[in-house]
Structure formats: structure tokens, C-alpha cells
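Here's the structure, in C-alpha cells; my notes come after.
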Number of protein chains: 2
Amino acid sequence: MRWEHLDQEPCSVARTLSVIGDRWTLIILRDCFLGVRRFEKFESRLGITRHVLTDRLKKLVQNDVLVKTPYQEKPRREEYRLTEKGLALHPVIMSLVHWGNTYMTDDEHGAPLIHIHKSCGHRMSPVTTCSHCGEPVTARDIRVEVGAGWEGVVKTPRTE
Amino acid sequence: MRWEHLDQEPCSVARTLSVIGDRWTLIILRDCFLGVRRFEKFESRLGITRHVLTDRLKKLVQNDVLVKTPYQEKPRREEYRLTEKGLALHPVIMSLVHWGNTYMTDDEHGAPLIHIHKSCGHRMSPVTTCSHCGEPVTARDIRVEVGAGWEGVVKTPRTE
DNA sequence: CTTGACAAGTTCTAAAAAGGAACTGACTAT
DNA sequence: ATAGTCAGTTCCTTTTTAGAACTTGTCAAG
């Protein structure tokens with residue numbers, strides 16, 4: 001299975017990963033949530049090659065996660081901003097950051113990214129709760145079931 | 001910057017992505033949470049090449065996300081299970097699934113993965129809340145700040 | 001009016017990673 | 001003895017990425 005085919009699979013997880021399931025893409029998105037918007041800024045901050053950055057930004061725009069808008073004409077300069085769809089990825093990034101802060105933190109330095117909840121003003125970490133009863137949930141509280149959209153597609157990826 | 005250096009950066013996000021920021025790794029983890037434990041099962045379900053699967057499982061074991069334990073001797077057969085550290089990735093996978101179900105679902109098929117909250121018995125989606133005040137949060141409610149662990153490291157990745 | 005700088009790319013080659021298929025080794029079941 | 005299972009490894013080809021230099025349009029300084 002190659003990655004071009006992944007976005008055509010009737011499995012939303014596979015399709016999600018065809019958009020953001022890439023090392024650079026996730027780091028780019030982390031920087032987007034930090035307010036970075038310009039090509040040069042991404043490049044200098046991340047140490048990504050320009051070629052790959054061009055490619056990843058293009059894909060994110062195609063997938064409606066970022067929008068490319070000019071912030072000046074003469075000369076034309078573009079910037080990349082998160083769309084609503086892109087902003088909706090925030091829980092993914094937050095939980096990634098939280099896991100990193102918990103399990104991958106270098107003791108010498110402490111957590112590199114901190115989240116402040118504007119309305120209560122405190123430093124926070126994300127707590128995942130149940131949309132139905134509101135209780136916090138962990139992996140053991142959840143049963144994962146295969147729904148209507150699965151349809152044996154991932155089970156037999158070779159047949160395509 | 002190459003990926004071998006990423007895990008040495010004093011930035012927990014970069015280090016997190018050095019472990020799981022990879023297309024196959026995330027799909028493997030999705031299957032782990034579905035209960036898949038054996039090499040052959042991963043391979044046939046995912047359409048991953050055996051070489052890459054070997055490599056990714058090895059890395060996940062090295063990073064203490066999975067444990068490799070024999071489930072029989074004669075002949076020795078190994079299986080891969082999530083550790084506590086691995087189980088702690090569940091919010092990441094859930095939010096990924098939720099985003100996919102919301103924005104990437106094929107209308108013909110519907111959501112491929114469904115989460116059931118065991119204690120309340122209902123189908124649920126993850127709601128990210130503030131650990132301090134308990135209110136649900138979205139991207140706009142959060143201010144991201146650079147903490148002590150950042151230290152200009154990601155800003156100047158080339159200097160290493 | 002030429003030189004330099006800046007932003008946002010594109011082009012080139014070499015190195016690394018992934019794909020694809022066949023092969024191994026230690027068994028088990030027919 | 002023959003075929004099948006599982007958990008890999010080996011070999012070769014194709015694709016992707018790294019790294020550095022080059023391009024294009026514009027302004028600003030000397």
C-alpha cells in the first residue's frame with residue numbers, strides 16, 4: 001500500500017493520517033498553533049528542507065487545514081493560517097504535547113510547551129472526557145468498536 | 001535535521017514525534033488499541049511491508065510504548081502489547097479518530113471506528129477539558145506559551 | 001543605477017527509506 | 001513427506017528526503 005492510495009480508503013483514520021500522519025506535518029502544525037505563519041519562519045525554526053516544507057504546506061492547503069493568503073502585494077507575500085478544520089486539530093496536538101511532557105521530558109529542562117486556559121487563567125493540561133456523561137476517560141474505560149465505515153477495507157488492503 | 005537527531009532535542013514535542021510521528025507507527029498504534037498483537041496480523045491488516053513493520057515495532061519496544069512478550073515456546077512466538085506509556089497515548093488516537101470522523105468521513109460509509117464508554121455504556125466522542133476548571137476547551141480558549149524546556153533549541157536547530 | 005537583502009519558492013544530485021517479492025527456521029497438522 | 005503458520009531476514013528497485021545552490025519580484029541604500 002502506498003500513501004497516495006491511503007486517502008481513498010473508506011477508513012477515516014487512514015484518511016486522517018494521509019493528511020497529518022507525517023513527521024514534518026505534525027511539527028509544522030505545532031508551530032501553526034504557536035502562531036507561526038510564514039515560510040521562512042517555519043524553515044528557520046524547524047530545520048526542514050525548503051522542498052519538503054513547500055510540499056507539506058501545499059498538501060495542508062489542499063486538504064483545507066491551512067489557508068494561504070497574501071499579507072501584502074508588491075511584492076506578493078503569502079502566509080499560512082489555520083482554518084476551522086485545522087483549529088479542530090488542537091486536541092490532537094495538545095494530547096501529543098501532554099504525552100511528551102509526561103513521558104519524554106528532559107529533566108534538566110522541564111516542559112517546553114505550556115497551555116494556559118484563557119477563561120480560568122491557569123496552566124492546564126488536557127483531560128479527555130466522555131461526551132455523554134462528562135467523566136474523564138482513560139484507555140481502559142473505552143471499548144473500541146468497528147463501525148459501518150470499516151467494511152473490511154483495512155482488513156484486505158492488498159486486494160485494491 | 002535528520003530524524004536520528006530529533007530524539008536528542010530538549011523539546012518534548014520533537015521527541016514525542018521521534019517516537020510516534022510517523023505514518024505507519026500511528027496506524028500500528030490504532031490497531032494496538034483495537035487489540036491486535038501479532039506480527040502477521042498487523043501485516044495482513046495494514047498492508048505494511050514486513051521490513052518496515054519489523055523496524056517500527058522494534059522502535060516502539062525500544063521506546064517503551066510496546067512490550068514484546070512470548071505467548072508460547074516451541075516454537076517461540078512473540079506478541080506486542082501496549083505498556084502504560086503506550087496506553088497513555090489513547091487520547092492522541094481518540095482525538096485523531098474523532099477528527100477523522102468529523103472531517104474525513106466518507107458519507108457512503110459513516111464512521112469506521114466507534115468509542116463506547118464502558119461505565120456509562122454510551123457511544124462517546126472525546127471532549128477535551130481543562131484540568132484546572134473542568135470546562136471544555138477549544139483551540140481559541142488556549143494560549144500556548146513556551147516554557148523552560150524550549151531554550152531556543154528548536155529556534156536554532158542548525159547550530160547542532 | 002548598481003548592489004545587497006528579503007521572502008517564497010524551484011532545481012539539482014546524493015543519500016536514506018520504503019516497496020515488493022522471495023527465502024529462512026522452528027515448529028505443527030495431515 | 002508435504003503443506004502450512006509465524007516471525008522475521010535478504011535482496012533489489014522505486015520513492016522520498018537532505019543539502020546546497022539558484023530564481024523571481026521588489027524595496028532600500030550607497
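A note on names: the letters A, B, ... follow the listed sequences, proteins ahead of strands, and every chain is numbered from 1.
For the pairing with A:V61, the side-chain contact (heavy atoms from CB on, under 4.5 Å) check across A:R56, A:K68, A:E78 returns one residue only, A:K68.
Taking the charged nitrogens against the carboxylate oxygens, B:R77 and B:E40 have no contact shorter than 4.0 Å, which rules out a salt bridge. With salt bridges taken as basic N to acidic carboxylate O contacts below 4.0 Å, one links B:R143 and B:E145.
Protein atom CG of A:L57 is 13 Å distant from nucleotide atom C1' of C:dA7, rounded to whole Å. Rounding to whole angstrom units, CZ of residue B:R23 and C1' of C:dG19 are separated by 14 Å. Straight-line distance from the CG atom of B:L53 to the P atom of D:dT10: 16 Å, rounded to whole Å. Remark: P of D:dG25 and CD of A:Q72 are 16 Å apart, rounded to the nearest angstrom. In this structure, the CD1 atom of A:I48 is 9 Å from the P atom of D:dT17, given to the nearest Å. Rounded to whole Å, the distance from CG on A:L46 to P on D:dA18 is 12 Å. Regarding B:I27, its CD1 atom lies at a distance of 13 Å from the P atom of C:dA18, rounded to whole Å. Rounded to an integer number of Å, the gap from CZ of A:F42 to C1' of C:dC6 is 18 Å.
Here the nucleotide nearest the side chain of A:R56, chosen from C:dC27, D:dT17, D:dG8, is D:dT17. Set against D:dA18, C:dC6, D:dT26, the side chain of A:R77 has C:dC6 as its closest nucleotide. Residue A:Y71 places its side chain closer to C:dA7 than to any other of D:dT17, D:dG25, C:dA7. Proximity note for A:T54 (side chain, C-beta onward) versus D:dT17, C:dA18, C:dG9: the nearest is C:dG9. The nucleotide whose nearest atom lies closest to any side-chain atom of B:K68 is, among C:dA18, D:dA18, D:dG8, D:dG8.
With rounding to the nearest 0.5 Å, the separation of NZ in B:K41 from CG in B:L46 is 10.5 Å.
Side-chain atoms of B:E135 and A:C120, non-hydrogen and from C-beta on, never get closer than 4.5 Å to each other. Contact check for B:L66 versus B:C32: side-chain heavy atoms found under the 4.5 Å cut-off.
Of the residues in residues 32-39 of chain A, A:R38, A:F39 come within less than 4.0 Å of DNA chain C through at least one heavy atom, sorted by number.
Ring orientation note: the planes of B:F33 and B:H90 are tilted relative to one another, at an angle of 30° to 60°.
When each of B:K41 and A:R76 is assigned the nucleotide of DNA chain D with its nearest heavy atom, B:K41 is the one assigned upstream, toward the 5' end. Across the interface with DNA chain D, nearest-nucleotide mapping of A:D22 and A:P75 shows A:D22 to be the residue nearer the 5′ end. Residues A:E78 and A:H51 both approach DNA chain C. Their nearest nucleotides, taken by heavy-atom distance, put A:E78 toward the 5′ side.
Using a 4.0 Å heavy-atom distance criterion, A:Y80 is classed as a sugar-phosphate-only contact. Within 4.0 Å of A:E40, counting heavy atoms only, lies at least one base atom of the nucleic acid.
B:L87 and B:V92 fall within a single hydrophobic cluster, where Ile, Leu, Val, Met, Phe, Trp and Tyr are joined by side-chain heavy atoms under 4.5 Å apart, directly or via other members.
A donor N or O paired with an acceptor N or O is found under 3.5 Å between the base of C:dA8 and the side-chain atoms of A:R50.
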